[in-house]
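Written out below as structure tokens is the structure these notes cover.
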Amino acid sequence: MSRYEPSQSEAKWQTAWNEAELFAARPDPARPKYYVLEMFPYPSGRIHMGHVRNYTMGDVVARYKAAQGYAVLHPMGWDAFGMPAENAAMERGGHPKDWTYGNIADMKEQMRPLGFSLDWTREFATCDPDYYGQQQSMFLDMLKAGLVYRKNAVVNWDPVDMTVLANEQVIDGRGWRSGAEVERRELTQWFFKISDYSEELLSALDGLKDWPEKVRLMQANWIGKSRGLQFAFSTKDAPDGFEALEVYTTRPDTLLGASFAAISPDHPLAKHLERHDPAIAEFVAKCRAGGTTEEAIETAEKLGMDTGITVRHPLNTEVELPVWIANFILMDYGTGAIFGCPAHDARDFEFATKYGLPITPVFEPVEGDYPAAEFVPLKSEPVRYIRGFAGNEIQTGEDGVASAIAFCEENGIGQGVTKFRLRDWGLSRQRYWGCPIPVVHCESCGVVPEKKENLPVALPYDEDGTPIDFSVPGNPLDRHPSWRDCACPSCGAPAKRETDTMDTFVDSSWYFTRFTSPGAPTPTDPEEVAYWMNVDQYIGGIEHAILHLLYSRFFARAMHKTGHLPADAIEPFDALFTQGMVTHEIYQTRDEKGRAVYHLPEDVEDGKLKATGEAIETIPSAKMSKSKKNVVDPMNIIAQFGADTARFFVMSDSPPERDVEWTAAGAEATSKFLARVHRIADEIAASEAPADPAQDTALLKATHKAIDEVTRSIEGFAFNKAVATLYGLSNTLSKSKAGAEAKREAMKLMAQLMAPMVPHLAEEIWAMLGGTGFVISAPWPKADPALLVEDTVTLPIQINGKRRSELSVPKDMGKEEVEKLVLEDEHVRKALDGGQPKKLIVVPGRIVNVVI
RNA sequence: GCCCGAGUGGCGGAAUGGUAGACGCAGCGGAUUCAAAAUCCGCCGACGCAAGUCGUGCGAGUUCGAGUCUCGCCUCGGGCACCA
């Protein structure tokens, strides 16, 4: 008899695997390759249950594919640049570099006991000078290839701290530290020309068959291809140089419903007026208050100001429309100017109602009257045009738009234009802890790329021998005494380095290619990258559905264009899986002022605080977060139950794409189950029961059914169903009266099926039953189709769609014979009461429905 | 505000348009035990004595048949370009 003691056996097997170097990825021409990757973590310092879930999923896939004979690449690294390191330095002193590398060491120590099949020899952090030096090298190649350029763009500006704020540092329109009202300010910044690839990134989505449909949809909407009309209003009383006002509209069919024109506060005309008219300057300044997010702009109160300028209606030059400046017009989309048709646009309606502008319907419902507020039917819906100017009176919005564009083109009013919502990717960050942008500003030569032999342009660690001080707001690179000053790479004259660093999305846009050759002297090694790319299975959070994944798709194309990736790797992720979060209830009490005080789950027992016995309020589950203290430390779970319990629990119950609720009871139940499996295996190992052909066959059939189900579940990322199947198989095994030999074989197969999820226990059982080698190196079992077929099936009999009876028949019984038997059924005879059914539906092998 | 999801017993969830609730948790009953823990066996959507009726967020619809498909809502979650 041996007991289940994970604390001993888990460490033992991990040592054995490491000694056998099982997880080092090696190209092997004799086998197909498989690259499985989980989104690499930000080194916050502590792993959390979300990490455990994410990496367990990847590990299940990696181990399963290895058992199937693939040469597997399963690497791990660190997304190590970013704001938290700088924030930590500001709040607690110290240096971002020390904080980050310390966190990496801590997290690695926490990940080790989980027994993931990771190839740690390929590990790197994006803040390693070697990594970001290669990134700088690619940046220079992309600059040369015309994929990078500079232009002005708005940032959140904190007028008190005199610093740029990230969106998350703007809370209700105010800076998080100073509390000052944030304003939008323009800076010259670096951009990737992702817009060159708008069409390509959109159309290539169709090829991503193994991506979730919702992610493809989100990306398609984000890219936002639209067909519309661009035309110029001719202006009256406008300043010189503004004789025409270019507008873009996706609803040219509503042109005769135009009641005003509106321009963005950032439109060149608005900027011109701002310089000459104090009232407009004041208004525009008001528009610029608040953060830069689309959400902030769209939910802000609609503000407008009449400029006094008018434009002539292109279809009827007698009609003049006023030109307003409006805070909800985005300069980044279209031309930064629109015409407003309040009758058929909710935003225009709100604006027109507020400022008393006319509302002129262009179309109405085919049946019924024009509604009280705006009327915005689906474009695919037919409507009756009462102020149409092109095509039929009754047509869909789509047709109306198409004929309006055709009409305007014929009459020289404007052109049909395709536009995209997708904007170029601004990569400049006015921060220290990021990859320096490797260019130099020279007074005579302008912007000069750094020479490649001078890369990496490394971040300075200290100033004259003392670590950089982060207690002062702003970017330390800007005020560094020696780092900033340099010689111009072109003319050698004194020059200044660019002090902006790169968006951390750049770091995460190519790390998956670097894993194929982490030590290469170039960004990628052609042979290695050609062998390992693409990522066969990518796993990460749904929150990355748009930005990270879209930027990576673009970057792969840019890398191809600059010779760093082969043509067949421009869609880097063959299959994508997006997993849900790990959630937990929140426990709180109130302090004397009635404010919420949160408590860790481990400090709570039976609805009371362990320490004081004070009753706690329980708030429904939410994503685990430190601020709400609803976190369960994986280390505690591993210490108490072992890694396999933690791994198995996060795979149980909830489907992986959905959020999973962590419950202490669930973890304990999982641990009990694993102990039970261990006990059953132990009993089987000692058993001497003689063979029993009937029982042995029944067990063999059940085992093969489980092989089939677990295999299909893992293939379909339905790990919760694989777990349910294993529960079922363990019950079958414990109750089976089969002989010892048959049971040993069944148990060994079960160990193989469990191995991807609970590898340590599986090894233990495999060894106990005399399996050869490691269970994880044993080839994945195949279900024998002959053992999966059932001879008889139970057909439910429905009467009018409701289940009333059932019928047991041989699997392949013909339709007519089944019908005959159905009509003889007691319930059916009773319901028919001597009559004939209206209809008798027999779906062979599935169901019978008698319609009366 | 805009885009994308999700909603099934007390709880987590299962169900190629075909027996709703597999499997697990909690709960209840029993066995074992001096007793307990552990373990094992059984019951377990609601109402009803029963026959049965009702049940997948709400309201319509398509279908012989809807948790599943369509339309309109509600609630919760993710994203909205400088959190990662």
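Letters A, B, ... are given to chains in the order of the sequence lines, protein chains preceding strands, and every chain is numbered from 1. None of the values given here were measured: they were computed from a predicted structure. Excluded from the calculations below are hydrogen atoms, water molecules and symmetry mates; all remaining heavy atoms, backbone and side chain alike, are included.
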- Query: With respect to the side chain of Val843(A), which nucleotide from C82(B), G18(B), G42(B) is positioned closest?
  - Reply: G18(B)
- Query: Under the 3.5 Å rule, do the base of C82(B) and the side chain of Gln430(A) count as making a donor-acceptor pair?
  - Reply: yes
- Within less than 4.0 Å of OP1 or OP2 of G79(B), is there a side-chain N or O belonging to Asn221(A)? no
- Query: Does Ser654(A) put a side-chain nitrogen or oxygen below 4.0 Å from OP1 or OP2 of G13(B)?
  - Reply: yes
- Query: For Lys721(A) and A15(B), is the shortest distance between a side-chain N/O and OP1 or OP2 below 4.0 Å?
  - Reply: yes
- Query: Closest nucleotide of RNA chain B for Lys214(A) versus for Pro41(A): which of these residues is on the 5' side?
  - Reply: Lys214(A)
- Message: For Glu350(A), is there an ion pair with Arg347(A) - N to carboxylate O distance below 4.0 angstrom?
- Response: no
- Item | Whether His544(A) and His548(A) hold their rings parallel, tilted or perpendicular, with breakpoints at 30° and 60° | perpendicular
- Short side-chain N/O contact from Thr504(A) to OP1 or OP2 of A84(B), under 4.0 Å: yes
- Between C4(B), C64(B), G42(B), which nucleotide has the shortest distance from any of its atoms to the side chain of Asn849(A)? C64(B)
- Query: Do Glu295(A) and C3(B) have a side chain to base donor-acceptor pair shorter than 3.5 Å?
  - Reply: no
- Task: Confirm from the modelled atom types if Arg846(A) and U19(B) form a donor-acceptor pair under 3.5 Å, side chain to base only.
- Result: no
- Is any side-chain nitrogen or oxygen of Asn720(A) closer than 4.0 Å to OP1 or OP2 of A14(B)? yes
- Side-chain heavy atoms of Leu674(A) within contact of Phe648(A), under 4.5 Å: yes
- Message: Whether Asn800(A) contacts C64(B) is assessed here as follows: a side-chain N or O lying under 4.0 Å from the phosphate OP1 or OP2. Is that the case?
- Response: no
- Message: Tell me whether the rings of Phe351(A) and Phe328(A) are parallel (<30°), tilted (30 to 60°) or perpendicular (>60°).
- Response: perpendicular
- Any donor-acceptor pair under 3.5 Å joining the side chain of Glu294(A) to the base of C80(B)? no
- Task: Name the closest nucleotide to the Ala724(A) side chain, picking from C40(B), A22(B), C83(B).
- Result: A22(B)
- Message: Can you classify the ring geometry of Trp425(A) versus Phe554(A) as parallel (below 30°), tilted (30 to 60°) or perpendicular (above 60°)?
- Response: perpendicular
- What is the minimum heavy-atom distance between Tyr42(A) and Phe81(A), and which atoms define it? CE1-O, 3.5 Å
- Using both pair distances under 3.5 Å as the test, note the stems of at least 3 consecutive Watson-Crick or G-U pairs that include RNA chain B. B:1-7 with B:74-80, B:10-12 with B:23-25, B:27-31 with B:39-43, B:45-47 with B:52-54, B:57-61 with B:69-73
- Task: Nearest whole angstrom, please: distance from the C1' of U39(B) to the CG of Asp682(A).
- Result: 15 Å
- Arg658(A) side-chain proximity, nearest of G18(B), G12(B), A6(B): A6(B)
- Message: Can you tell me if Arg676(A) touches the phosphate of C40(B), counting only side-chain N or O atoms and a distance under 4.0 Å to OP1 or OP2?
- Response: yes
- Of Asp503(A) and Pro796(A), the one whose closest nucleotide on RNA chain B sits nearer the 5' end is Pro796(A)
- Item | Nucleotide nearest Thr299(A) when distance is taken to its side chain, options G1(B), A81(B), G78(B) | G1(B)
- From G18(B), G78(B), C82(B), nucleotide with atom closest to Gln798(A) side chain: G18(B)
- Closest to the side chain of Leu217(A), out of A84(B), A14(B), G5(B), is G5(B)
